[in-house]
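Before any comments, here is the structure.
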Amino acid sequence: AWDTAYASFDGVQPVGFEEVRKSASNFSLSKWNLSRWMEWRHFMDYQFAQVLADLTRYTNKLDPRTPAGFVGGQQPSAYGGYDYAYLCRAVQWMEAYDDGGTNEILRSFWNRPRRIHAQTYGASDGYKKSVWVLWNRLAHGNQLTIAWPEGWMRTNSSGERVLSPKIQQLATTFREIQGVAGEFIVNPNSYLESDPIGLYYSHPSIRVGWAMDSATHGAGWPKRSSGLDSDNLSSGRLRVSWCKLLEDLGYQYDFVSYLDVQEGRIDLSKRFKVIILPQVICLSESEVSALSDFVRSGGMLIADAICGLLTETGRGRAEGALDDLFGIRRDESRGYLDGRGITEIDAEYSSRPFPERLRAYNNALRYRSMVVFERGTRAASGSSTGVSNTTDVLVRKKTANGQSLYLNLTPLAYEYFPYRAGEIGGAWRDVIGKAHNDIGLRPRVEIFDGGATEPWMEALLWRNGNRYCLAVLKNCSPSEDTAASVALLGKEADRDPKRITVRINLPVKGLRNSRTRKVFGDVTSFTDEFKSWEANLYEFTIAK
């Protein structure tokens with residue numbers, strides 16, 4: 001499997017990336033074999049999780065009533081031990097940086113039963129962004145936030161230590177979030193009732209994605225520091241792009257653990273109507289079988305690009321593991337992206353603005369402004385949309401009771417707000433929104449400003465027994481730059497609320513605003529005041 005010839009297991013040694021990098025210099029992914037490196041990385045991730053599991057058990061013996069966990073969790077990558085499928089089984093709570101969708105991964109894996117996931121909070125210089133981050137943390141299920149108090153205190157003219165003005169003005173928000181308004185979501189018996197949409201979490205694919213990113217560095221890949229990797233990891237940016245795209249369309253989702261699928265711990269057909277594979281390059285035979293059964297049972301499977309070209313250990317396949325299911329055939333000699341490489345985010349240009357790092361997009365094929373990933377993929381069966389005489393996108397195929405959609409497009413750029421708010425974002429929302437509508441999915445909550453849809457809104461439905469709490473807020477990103485934050489939250493000087501109309505496509509009873517205590521009654525559509533830098537919370541029950 002490794003293309004080696006050891007005389008015995010005693011001669012086997014772990015290898016670093018440099019020893020397999022040269023064999024991966026050929027940009028035909030089907031010819032890759034990263035097994036020696038991939039299996040070693042898998043071993044290290046597994047061992048890291050086992051150390052944490054041992055520490056958790058030991059700590060529980062000292063104090064059985066207090067959950068044990070750790071702080072400083074990083075986004076999933078090839079190095080560091082951050083395979084969240086394993087970590088979520090090893091510890092009982094975690095604080096992780098909100099990079100690469102880690103917060104939503106933890107929320108998904110720890111939703112039912114609920115476990116605590118938290119983030120560290122450092123107030124920004126802007127009041128609106130500082131307030132929004134606190135409400136966003138609550139709305140997304142953080143049951144606590146850890147204060148990073150650097151710069152929170154100052155010395156006044158009398159020599160006394162007092163709160164700095166930027167923290168003093170947040171006092172009202174701190175009190176309200178820790179009070180009655182936050183009780184429903186913080187309650188350990190509450191959980192997010194997501195839509196039947198699954199986003200696939202494949203850590204083997206994340207490892208291969210890292211190798212693809214590193215191709216642009218050549219032999220200089222060791223200079224790829226953790227900080228550089230964090231900001232330029234294609235798999236992380238892609239994952240967030242899918243999250244934002246679904247949220248902008250009015251949906252919530254759950255990440256699906258590849259480990260749960262491999263071990264048969266989850267009934268995909270019972271839980272989901274749609275499963276999305278975000279550049280899931282690596283698939284085991286058990287995963288292929290489970291995903292195929294999901295489609296035959298009536299589900300819709302969507303893949304963006306380069307799906308199933310490698311095994312779970314990073315060994316290339318002559319054909320993608322799900323090519324027949326998607327109804328496609330490939331000609332890898334045509335290449336990927338601009339035809340010269342496989343790296344989406346070129347970290348050799350990490351100091352430049354984000355669009356300038358997407359160098360492989362410059363001469364790539366496009367469909368409605370969206371970047372085509374595979375230049376030589378064609379529809380073998382089913383319907384498709386052609387881009388050139390060698391390339392198809394939006395390949396649709398029906399299989400038994402279900403269907404599949406192979407996009408052959410990459411949404412990675414969607415996370416970048418100027419693209420998200422422009423032609424590229426509009427095209428993506430149109431394509432993915434239609435795909436969900438075609439199988440009967442509609443957003444359960446719609447938000448309007450006058451007669452038009454209020455842009456960049458997110459709606460999250462939390463449930464506890466037969467009661468619900470709806471959180472409505474602007475769909476920013478914690479890492480959004482100043483210009484994007486102003487576009488989403490408004491200018492600092494503008495503090496007046498606006499009027500929005502919320503329509504809930506559920507039979508609602510006894511609806512009231514949890515913050516203002518305003519009662520709306522048995523309504524499915526109502527108008528209320530909304531501050532774009534805060535969140536509105538509404539409690540209600542569902543009529544039988």
Side-chain angles (χ1 to χ4, degrees), residues 1-6 9 11-51 74-87 89 100 105 200-219 221-222 224 226 229 233-236 238-239 256-263 277-288 291 305-322 332 336 342-344:
W2 287 6
D3 292 330
T4 55
Y6 293 106
F9 277 106
V12 177
Q13 294 291 328
V15 300
F17 181 65
E18 181 60 21
E19 293 188 56
V20 299
R21 179 188 66 80
K22 296 173 184 177
S23 66
S25 59
N26 184 323
F27 294 150
S28 292
L29 293 172
S30 62
K31 295 181 173 62
W32 280 23
N33 188 359
L34 303 178
S35 295
R36 286 192 297 162
W37 174 70
M38 288 269 288
E39 292 193 48
W40 175 238
R41 297 312 319 150
H42 180 82
F43 173 78
M44 293 300 291
D45 290 345
Y46 177 81
Q47 291 289 23
F48 181 57
Q50 293 311 302
V51 169
Q74 300 169 25
Q75 71 169 318
S77 186
Y79 289 91
Y82 290 96
D83 181 340
Y84 278 80
Y86 277 116
L87 294 181
R89 296 182 181 184
I105 294 170
Y200 207 81
Y201 175 84
S202 167
H203 201 79
S205 300
I206 291 167
R207 294 188 188 106
V208 173
W210 183 91
M212 292 168 64
D213 282 348
S214 297
T216 190
H217 303 303
W221 67 268
R224 192 179 176 95
S226 59
D229 193 56
L233 190 65
S234 294
S235 62
L238 179 81
R239 195 160 46 248
V256 184
S257 164
Y258 78 98
L259 204 55
D260 286 347
V261 175
Q262 283 183 349
E263 297 174 355
L277 308 178
Q279 290 189 18
V280 177
I281 314 167
C282 299
L283 284 170
S284 64
E285 292 303 321
S286 58
E287 292 173 278
V288 170
L291 292 169
I306 53 176
C307 181
L309 283 172
L310 281 73
T311 68
E312 74 276 20
T313 63
R315 187 179 177 90
R317 290 183 167 104
E319 297 179 352
L322 292 172
E332 271 198 296
Y336 300 100
I342 51 174
T343 305
E344 286 198 72

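- Put simply, the side chain of Gln279 never gets that close to the backbone of Ser235: no donor and acceptor are under 3.5 Å apart.
- Under a 3.5 Å cut-off, the side chain of Ser30 and the backbone N or O of Gly316 do not form any donor-acceptor pair.
- Annotation: salt bridge (Lys or Arg N to Asp or Glu O under 4.0 Å) contacts involving residues 30-45, sequence neighbours excluded, comprise Asp45-Arg207.
- In this structure Ala85 satisfies the side-chain contact (heavy atoms from CB on, under 4.5 Å) test together with Asp83, Tyr201, Ser257, Tyr258, Leu259, sequence neighbours excluded.
- The ring pair (Phe, Tyr, Trp, His ring centres under 6.0 Å) test applied to Tyr86 returns His42, Tyr46, not counting sequence neighbours.
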Step-by-step side chain to side chain contact (heavy atoms under 4.5 Å, CB included) determination, Cys307 to Leu283:
CA-CA 8 Å; Cys307 181; Leu283 284 170; 4.2 Å; yes
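- Partners of Glu19 according to the salt bridge (Lys or Arg N to Asp or Glu O under 4.0 Å) rule, which considers only residues two or more places apart in sequence or in another chain, do not exist here.
- Taking Val51 as the reference, Leu55 meet the side-chain contact (heavy atoms from CB on, under 4.5 Å) condition, with sequence neighbours excluded.
- Listed here is the closest heavy atom pair of Glu332 and Leu29: OE2-N, 2.7 Å.
- Between Tyr79 and Trp221, the ring-plane angle classifies as parallel under the 30° and 60° cut-offs.
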CA sep, side-chain torsions, deciding dist, call: Ser214, Arg224, side chain to side chain contact (heavy atoms under 4.5 Å, CB included)
CA-CA 8 Å; Ser214 297; Arg224 192 179 176 95; 3.9 Å; yes
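- With His203 contributing its side chain and Ser77 its backbone, the two residues share a donor-acceptor pair below 3.5 Å.
- At a threshold of 4.5 Å between non-hydrogen side-chain atoms, the residues Ile342 and Ile306 do not count as touching.
- Residues passing the side-chain contact (heavy atoms from CB on, under 4.5 Å) test with Gln13: none are found, sequence neighbours excluded.
- For Phe27, there are no ring pair (Phe, Tyr, Trp, His ring centres under 6.0 Å) partners, not counting sequence neighbours.
- With sequence neighbours left out, the salt bridge (Lys or Arg N to Asp or Glu O under 4.0 Å) criterion links Glu285 to Arg317.
- With sequence neighbours left out, Thr311 forms a side-chain hydrogen bond (donor to acceptor under 3.5 Å, both in side chains) with Thr313.
- Using a 4.5 Å cut-off on side-chain heavy atoms (C-beta onward), Val280 and Glu287 make no contact.
- Evaluation of the side-chain contact (heavy atoms from CB on, under 4.5 Å) rule for Thr343 yields Asp213, Ala215, Thr216 as partners, not counting sequence neighbours.
- Checked against ring pair (Phe, Tyr, Trp, His ring centres under 6.0 Å), Tyr200 has no partners two or more places apart in sequence or in another chain.
- Under the ring pair (Phe, Tyr, Trp, His ring centres under 6.0 Å) criterion, Trp32 pairs with no residue at all, not counting sequence neighbours.
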Set out, in order, the CA-CA distance, both residues' side-chain angles and the distance that settles side chain to side chain contact (heavy atoms under 4.5 Å, CB included) for Leu322 and Leu277, then state yes or no.
CA-CA 11 Å; Leu322 292 172; Leu277 308 178; 4.1 Å; yes
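- Here the side chain of Asn33 pairs a donor or acceptor atom with the backbone of Ala1 at under 3.5 angstrom.
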